[in-house]
Amino acid sequence: MNPQHRAFFNEVVKHTRELNIQKGKTLHAKIIKAGLSSSVYMANCMVNLYAKCGHLPDAELSFDQIDGKDVVSWSCLINAYSQKGGVESSSAVMGLFSRMRAQNTLPNAHTFVGIFNAMSNSCDVLGGRKAHSLAIKTDICWDVFVGSSLINMYCKLGPIDDARQAFDRMPERNSVSWATMVSGYAMHRMAVEAVGVFKLMMQCQQERENEFVLSSVLSALALPEFVDIGRQVHCIAIKDSLVWIASVGNALVTMYSKCGSVRDALQTFEMSSDKNSITWSAMITGLAQSSNSKEALTLFSRMHYCGIHPSEYTFVGVVNACSDIAAIVEGKQLHCYLVKMGFENQIYIITALVDMYAKCGSIDDSRKGFDYLQEPDVVLWTSMIAGFAQNGDNESALSLYGRMEAKGIPPNELTVASILKACSSLAALDQGKQVHARVIKYGFILEVTIGSALSTMYTKCGSVEDGNLVFRRMIARDIVSWNAMISGISQNGCSNEALELFEEMIMEGIKPDAVTFVNILSACSRMGLVERGWKYFNMMSDVFAIAPALEHYACMVDVLSRAGRLIEAKEFIETAKVDHGMCLWRILLSACRNYRDYDLGAYAGEKLMELGSQESSAYVMLSKIYTALGKVDDVQRVMRLMKLRGVGKEPGCSWIELKNLFHVFAVGDQMHPQITEIQAKLQILTKQMIDEGYRPAYD
DNA sequence: TTAGGGTTAG
């Protein structure tokens with residue numbers, strides 16, 4: 001080769017390495033002028049230069065002009081497309097590969113690397129297997145690059161066992177093959193297997209751990225039960241000085257956050273000297289997901305102050321933090337900021353915004369976000385459905401789910417849980433049953449989320465038996481499932497069964513929480529079981545170390561008052577070790593009215609007056625008690641106080657939905673078109689009630 | 001003296 005040719009080659013290589021397309025193009029012109037473009041070797045270099053610089057059409061043009069394309073020409077273009085990614089590129093690769101074979105050019109290891117990479121983006125497992133068998137026939141699989149690409153392909157396409165088989169059969173492995181296998185297991189959330197391969201690698205004399213394998217194994221360990229192994233990997237990273245590499249630090253931050261050790265995550269974050277946008281995003285997301293949302297917002301400000309540009313991941317994390325604490329002002333500011341940065345078309349961002357606006361009660365803004373995208377994915381549909389349900393618009397939740405089904409988008413577990421919640425609120429048993437049919441059709445397992453939602457739906461719709469059937473068939477139950485079932489049974493008037501279920505739960509070794517005790521104390525109250533009420537109330541702190549909160553005291557006052565043990569209730573309130581404000585006295589006052597214990601009622605009422613109650617019912621009840629006691633002066637005093645304090649009496653109001661029409665009734669209101677018939681019917685009912693022995697309250 | 005594989009944030 002003459003010196004001029006050599007100089008050209010060196011220059012192409014240099015421009016390719018520096019991705020300098022301008023200089024590359026100028027050089028291309030010089031090469032044509034020098035009559036060197038007919039050299040296949042030189043033309044291949046030009047195809048590669050254009051491909052590496054991201055100019056695929058120019059690469060293809062140069063490729064088309066090559067006379068006598070060799071395996072390098074084909075492989076160059078195949079790899080250019082496979083690196084571009086996406087389903088379209090993988091079909092372009094397969095097209096090129098057929099053309100190459102039609103021209104009798106034999107593929108080599110470079111070609112197969114491109115083929116396997118393209119297939120890994122294709123969702124075509126069968127196509128992947130065909131390519132694999134062709135590589136075996138061509139006797140190419142021994143190559144360590146081909147092997148790693150093959151493992152990667154099977155990991156991404158799904159059949160992870162095939163990936164492992166390919167890994168086990170490799171005659172030679174290097175750090176990339178180990179890292180690919182570990183990251184494959186991490187991708188499939190197979191922590192035990194990922195750690196297994198990592199340990200094998202550590203035992204292997206030729207291999208040393210590197211940042212790729214460490215970050216992969218750490219991402220597999222991001223579950224609370226693996227935090228101890230995660231710490232051991234952290235030690236290895238420190239020992240090998242790999243902890244200072246950003247990707248390892250980032251993986252550690254995420255691992256600790258997801259394991260529930262936010263403190264460790266923060267410590268790792270602060271110690272990291274090589275923070276990039278990912279590090280900040282990981283920490284912000286970690287804080288938001290561990291109910292430290294205010295800290296997440298503060299960290300975002302700090303990131304901004306440090307001059308680090310937020311990515312779409314950062315915005316997802318920080319917008320989710322706003323959702324968590326319903327910070328609408330900050331949420332809107334972020335919305336403006338991310339539009340300025342050009343992220344408003346990203347589906348993850350839109351989903352986070354829809355969720356944020358719904359949790360902040362701005363359901364119209366959620367709807368705008370949802371309508372913004374032509375083709376929402378299942379997560380976005382679910383966020384919008386859940387948003388409607390959270391805001392009490394259960395009809396819209398159901399109708400949107402109908403649209404989603406009509407579009408043929410299969411729901412996921414969270415969609416089903418949200419829609420079941422809407423059915424529960426509407427007591428829509430028929431629709432709930434249809435959703436249950438979908439659960440069976442899609443083969444969803446009755447794990448905690450779906451099982452609890454389903455059993456709650458049945459009990460809220462009054463079908464305790466079906467609720468129980470679902471509850472019994474669940475493969476796993478957490479405290480939320482038990483609480484939901486206990487409360488559901490109790491609300492259907494089966495308080496005895498609710499208490500039995502609680503005893504069963506204790507026998508199974510499930511530790512009750514504060515919600516459980518609210519449920520069972522309410523059941524005791526409904527059944528008038530004072531002694532059991534006391535037993536459970538004391539059990540909370542004595543056996544389960546749960547400090548009774550205001551709602552437990554309220555339940556206990558209710559237990560005592562409903563059973564007519566009013567003095568005991570009064571003493572209980574006065575010795576309560578909780579800042580009870582007015583809530584407990586109000587319960588007692590109401591009970592005194594029902595039991596006509598006017599002296600004690602007056603005592604409770606005066607307590608409420610002393611505490612400055614703003615509730616009209618307290619003033620009305622107390623004045624009625626004084627009326628009954630014949631204390632006219634006190635009646636006038638209470639009414640004056642009510643006026644002085646500006647307490648308005650809100651008119652009692654109720655409504656009923658019949659055939660999609662709401663009928664609203666307020667006290668003293670004569671607006672309803674059928675009011676005469678309604679009042680006549682009420683008189684008949686009242687008479688019937690008195691005849692059957694019921695006595696209406698004194699007012 | 002041309003072409004190839006692995007990581008971390010939703």
Side-chain angles (χ1 to χ4, degrees), chain A residues 1 5-10 12-13 16 39-49 51-52 59 63 66 70-80 82-83 107-117 120 140 143-153 155-156 170 173-184 186-187 210-220 222 242 245-255 257-258 272 274 276-286 288-289 310-320 346-349 351-352 355 379:
Chain A
M1 190 182 291
H5 289 191
R6 183 162 300 155
F8 277 135
F9 288 134
N10 290 343
V12 180
V13 171
T16 308
S39 143
V40 175
Y41 191 99
M42 183 55 99
N44 289 345
C45 289
M46 284 318 301
V47 171
N48 187 42
L49 182 136
K52 286 280 150 44
F63 171 82
I66 300 174
D70 64 4
V71 61
V72 178
S73 329
W74 288 99
S75 303
C76 250
L77 202 62
I78 283 175
N79 278 298
S82 83
Q83 280 159 11
N108 65 14
H110 290 265
T111 329
F112 273 106
V113 168
I115 301 295
F116 289 150
N117 275 342
S120 70
I140 287 288
D143 183 278
V144 69
F145 280 72
V146 172
S148 302
S149 315
L150 186 61
I151 297 167
N152 186 44
M153 179 189 79
C155 290
K156 292 210 172 124
M170 283 177 87
R173 297 186 195 106
N174 65 12
S175 64
V176 179
S177 0
W178 287 99
T180 312
M181 197 61 241
V182 173
S183 87
M187 221 186 303
N210 56 36
E211 69 265 36
F212 295 101
V213 78
L214 279 184
S215 35
S216 292
V217 76
L218 284 167
S219 85
L242 290 168
I245 295 175
S247 62
V248 176
N250 299 346
L252 279 167
V253 168
T254 307
M255 186 272 292
S257 298
K258 291 199 175 163
S272 162
D274 188 18
N276 58 23
S277 167
I278 299 180
T279 328
W280 288 89
S281 303
M283 196 61 246
I284 288 170
T285 306
Q289 286 175 347
S311 69
E312 64 264 47
Y313 291 97
T314 329
F315 278 115
V316 168
V318 79
V319 170
N320 283 341
Q346 304 252 359
I347 193 158
Y348 285 115
I349 297 266
T351 308
D355 197 43
V379 183

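In what follows, chains carry the letters A, B, and so on, assigned in the order in which the sequence lines appear, proteins first and then strands, with residues in each chain numbered from 1. In what follows, every heavy atom counts, from backbone to side chain, and hydrogens, waters and symmetry copies are set aside. Here the structure is a predicted model, which is why all the values come from computation and not from measurement.
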Chemist: Does dA9(B) have OP1 or OP2 sitting under 4.0 Å from an N or O in the side chain of Gln289(A)?
Modeler: no
Chemist: Can you name the closest pair of heavy atoms from Asn48(A) and Thr16(A) and give their distance?
Modeler: ND2-CG2, 3.9 Å
Chemist: Rounded to the nearest angstrom, tell me the gap between atom OH in Tyr313(A) and atom P in dA9(B).
Modeler: 9 Å
Chemist: How many Å lie between CE on Met46(A) and C1' on dT2(B), as a whole number?
Modeler: 12 Å
Chemist: Side chain of Ser311(A) only, heavy atoms from C-beta on: which candidate in dA3(B), dG6(B), dA9(B) is closest?
Modeler: dA9(B)
Chemist: Between dT2(B), dA9(B), dG6(B), which nucleotide gets closest to the side-chain atoms of Thr254(A)?
Modeler: dA9(B)
Chemist: Using a heavy-atom cut-off of 4.0 Å across all strands, would you classify Asn117(A) as base, sugar-phosphate, or nothing?
Modeler: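 Since only primed, P, OP1 and OP2 atoms lie under 4.0 Å of Asn117(A), the category is sugar-phosphate.
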Chemist: What is the separation between atom CZ on Phe8(A) and atom P on dT2(B), rounded to the nearest whole Å?
Modeler: 18 Å
Chemist: Rounding to an integer number of Å, can you tell me how far Ile349(A) CD1 sits from dA9(B) P?
Modeler: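 Rounding to the nearest Å, CD1 of Ile349(A) and P of dA9(B) are 17 Å apart.
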Chemist: Provide, to the nearest angstrom, the distance between the CG atom belonging to Asn250(A) and the P atom belonging to dT8(B).
Modeler: 10 Å
Chemist: How far apart are the closest heavy atoms of Thr180(A) and Ser148(A), and which atoms are they?
Modeler: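 Scanning both residues completely, I find the closest heavy atoms to be CG2-O, 3.7 Å.
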Chemist: Which part of the nucleic acid, if any, lies within reach of Val213(A) when heavy atoms closer than 4.0 Å are counted: base, sugar-phosphate only, or nothing?
Modeler: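 It contacts nothing in the nucleic acid.
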Chemist: Base, sugar-phosphate, or nothing: which does Val113(A) touch, judged by heavy atoms less than 4.0 Å apart?
Modeler: base
Chemist: Is Phe9(A) stacked on the base of dT2(B) when the test is centres under 5.5 angstrom and planes under 30 degrees?
Modeler: no
Chemist: Under a 3.5 Å distance rule, please check whether Asn79(A) uses its side chain to pair with a backbone N or O of His110(A) as donor and acceptor.
Modeler: yes
Chemist: Looking only at the side chain of Asn44(A) (C-beta and beyond, no hydrogens), which of the listed nucleotides dT7(B), dT1(B), dT2(B) gets closest?
Modeler: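 Between dT7(B), dT1(B), dT2(B), the one nearest the side chain of Asn44(A) would be dT2(B).
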Chemist: Taking the side chain of Ser149(A) as its heavy atoms from C-beta onward, which of dA3(B), dG5(B), dG4(B) lies nearest to it?
Modeler: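 From the listed options, dG5(B) comes nearest.
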Chemist: Using a heavy-atom cut-off of 4.0 Å across all strands, would you classify Val146(A) as base, sugar-phosphate, or nothing?
Modeler: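 Base: the residue Val146(A), judged by heavy atoms under 4.0 Å, touches a nucleobase.
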Chemist: Any N or O donor-acceptor pair linking the side chain of Ser247(A) to the base of dT7(B) at under 3.5 Å?
Modeler: yes
Chemist: Are Ser183(A) and dG6(B) close enough that a side-chain N or O sits under 4.0 Å from OP1 or OP2?
Modeler: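 So the side chain of Ser183(A) is outside the cut-off, no N or O lying under 4.0 Å from OP1 or OP2 of dG6(B).
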Chemist: If I take atom CZ in residue Phe112(A) and atom P in nucleotide dA3(B), what distance separates them, rounded to the nearest angstrom?
Modeler: 20 Å
Chemist: Using a 4.0 Å heavy-atom cut-off across all strands, classify Glu312(A) as base, sugar-phosphate, or nothing.
Modeler: nothing
Chemist: What contact category does Thr351(A) fall into here, base, sugar-phosphate, or nothing, at under 4.0 angstrom with non-hydrogen atoms?
Modeler: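 Result for Thr351(A) = nothing.
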Chemist: From the options dT7(B), dG4(B), dG5(B), select the nucleotide whose nearest atom is closest to the side chain of Ala109(A).
Modeler: dG4(B)
Chemist: Have a look at Thr111(A) and say if it touches a base, only the backbone sugar-phosphate, or nothing, with a 4.0 Å heavy-atom cut-off.
Modeler: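 Answer is nothing: Thr111(A) stays at 4.0 Å or more from every strand.
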Chemist: Please pick, from dG4(B), dT1(B), dG6(B), the nucleotide with the shortest atom-to-atom distance to any side-chain atom of Tyr41(A).
Modeler: dT1(B)
Chemist: Which nucleotide wins on minimum distance to the side chain of Ser281(A), given the candidates dA9(B), dG6(B), dG5(B)?
Modeler: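 When the side chain of Ser281(A) is considered, dA9(B) is the closest of dA9(B), dG6(B), dG5(B).
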Chemist: With Asn250(A), which of Asn276(A), Leu218(A), Ile245(A), Asp274(A) fulfils side chain to side chain contact (heavy atoms under 4.5 Å, CB included)?
Modeler: Asn276(A)
Chemist: Taking atom types as they are modelled, would you say the side chain of Ser148(A) forms a donor-acceptor pair with the base of dG5(B) within the 3.5 Å cutoff?
Modeler: yes
Chemist: For the side chain of Ser219(A), counting heavy atoms from C-beta on, which of dG5(B), dT8(B), dA3(B) is nearest?
Modeler: dT8(B)
Chemist: So, is Asn79(A) close to the dG4(B) phosphate, meaning a side-chain N or O under 4.0 Å from OP1 or OP2?
Modeler: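 So the side-chain polar atoms of Asn79(A) never come under 4.0 Å of the phosphate oxygens OP1 or OP2 of dG4(B).
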Chemist: Looking at every strand, decide which applies to Lys52(A) at a 4.0 Å heavy-atom threshold: base, sugar-phosphate, or nothing.
Modeler: sugar-phosphate
Chemist: With hydrogens left out and only the distance checked, is there a donor-acceptor pair under 3.5 Å joining Ser215(A)'s side chain and the base of dT7(B)?
Modeler: yes
Chemist: How close do Val12(A) and Cys45(A) get, heavy atom to heavy atom, and via which atoms?
Modeler: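 Scanning both residues, the minimum pair turns out to be CG1-CB, 3.7 Å.
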Chemist: Can you check the Asn152(A) CG to dG4(B) C1' distance for me, whole Å?
Modeler: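 Between C1' of dG4(B) and CG of Asn152(A): 12 Å.
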Chemist: Quick one: does Asn108(A) reach the base of dG4(B) with a side-chain donor-acceptor pair under 3.5 Å?
Modeler: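 A donor-acceptor contact between them is absent.
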Chemist: Tell me: CG of Leu218(A) to P of dA9(B), nearest whole Å?
Modeler: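 Atom CG in Leu218(A) sits about 10 Å away from atom P in dA9(B).
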Chemist: Can any side-chain N or O of Asn174(A) pair as donor or acceptor with the backbone N or O of Ser177(A) at less than 3.5 Å?
Modeler: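 It does hold such a pair.
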Chemist: Can you see which heavy atom on Pro107(A) is nearest to which on Ile140(A), and at what distance?
Modeler: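 Between these two residues, the closest heavy atoms are O-CD1, 4.4 Å.
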Chemist: Nearest to the Phe145(A) side chain among dG5(B), dT2(B), dA9(B), which nucleotide is it?
Modeler: dG5(B)
